[in-house]
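Below is one structure; the comments refer to it alone.
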Amino acid sequence: MRHRFDVRIGPAGFRVGSDWRAPVEQLAALYSDYPKPENGVPDFTVRLTAPRPWRRWLRPSVAIAGDYMLPEAAPLPLRHGLLAAEMAMNLQMALGWRRHLLLHASAVEKDGRALVMSGESGAGKSTLAALLATRGWRLMGDEFALVHPRTGDVHAFPRLVSLKNESVAAMAAEVGEARWGPLLAGTPKGDIRHLVPGPAAIAAMDTPARPMLLVFPRFGFAPAVRTVPPSEAFVRLTQASTNYTALAEDGFKALHRLVAEVPSVAIDYPDGAAALALIDELVP
Amino acid sequence: MIYRAPPPSALLVEPLDAFTAVFHRPSGITHLLVPPAPQILAVLTEGLTREALMQRLAAEYDLADADPVALAARLEELVDAGLIRAE
């Protein structure tokens, strides 16, 4: 590919190739403090290509290609090239990662213990993780929590935090301009801005943590906390895992251990402040 | 008809709460079961008729009000799920 960018995020190494300079330059700037893949060999390769040759120049649009692909993924305009790269990297993890049980969840750590937050898109797991990261927690990831099948530890995957719509303004009040990527307006997921995890999150990304609480947040409701029984947590997390089936017995054992050893709660919250108050009560 | 569950080595059985998670190694499928399904699986490692199974469940699990119609339905569900065989 004409333009190339290599990065390691937690245990996963990526190579992004692109027909255009801009997405790679944006990635290089936002991931400037991240290491390169171990021994220079990436686990996954992602390509940002024009769906037709003339689409490199004429109303340029970015199609995602790579080791793992979804055939129905629609191309994005070049101005959303950074989003295309992030989506492609997530897709490689979701479909290709086998070394950990991969949960669609955000995670933060304090004193070696991790809070894992899993929910549907819009539940606020990215926003909560980003908020907690401004309150003394270490961000381990806003998209995937990696559960080691042997140890049960949670491993970090602190990619750029993808914040949408109202969350962008809410977090802009908390974090200085230097850590923000460009505003990607009018994407299929709304307005998106990427936030670079803080230096502590990047420096400690190879340090795992013991899971201490599984949280199933729901945004837009009056504050409430409900204990979630292990069987419900088990079902929710099989649905939230992209590789549970692929890991077969290892996935079953890892997930059983997680829900058997770690308590689970569902929390409803109307805004970030209420969520932080609830979490402060749960994790004094 | 004889009903038979897979040998214990073919299943990972983990009680969670009211539910028991079962991983069926031959198919790679995870099942969540409620009583009396886990007990049926445990007893049927030796093949039994429905009547014999009824007696064993009553004796070993104190199912005093065991209902033969309900048991037949549970057995059918377990056969459909691929967890036991009817021979």
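We use all heavy atoms of the structure for the numbers below, so side chains are in, but hydrogens, waters and symmetry mates are not. Below, read A as the first sequence line, B as the second, and so on, with proteins coming before strands; counting in each chain starts at 1.
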Item to check | Greater than 12 external heavy atoms within 6.0 Å of B/R85's CZ | outcome: no
Item to check | Distance (rounded to the nearest 0.5 Å) between B/T30 OG1 and A/Y244 OH | outcome: 2.5 Å
Checklist entry - If you count the non-hydrogen atoms of other residues, nucleotides and ligands that lie under 6.0 Å from CZ in A/R113, is the total more than 12? => result no
Item to check | Which atoms of B/L32 approach chain A - backbone, side chain, both or neither, heavy atom under 4.5 Å | outcome: side chain
Checklist outcome for this item: Between B/F23 and A/A248 the two heavy atoms that sit nearest each other are CZ-C, 3.6 Å
Item to check | Region of B/V34 in contact with chain A, defined by heavy-atom distances below 4.5 Å | outcome: neither
Checklist entry - Which atoms form the tightest heavy-atom contact between A/S231 and B/L16, and what is the distance? => result CA-CD1, 3.7 Å
Checklist entry - Is atom CD of A/E120 surrounded by more than 12 heavy atoms (other residues, nucleotides or ligands) closer than 6.0 Å? => result no
Checklist entry - So does A/K189 have more than 12 non-hydrogen atoms from other groups sitting under 6.0 Å from NZ? => result no
Checklist entry - So do B/F19 and A/V235 actually touch side chain to side chain, heavy atoms under 4.5 Å? => result no
Checklist entry - Does the side chain of B/E14 come within less than 4.5 Å of A/F252's, by heavy atoms? => result yes
Item to check | Neighbours of chain B found in residues 262-283 of chain A - heavy atoms under 4.5 Å | outcome: none
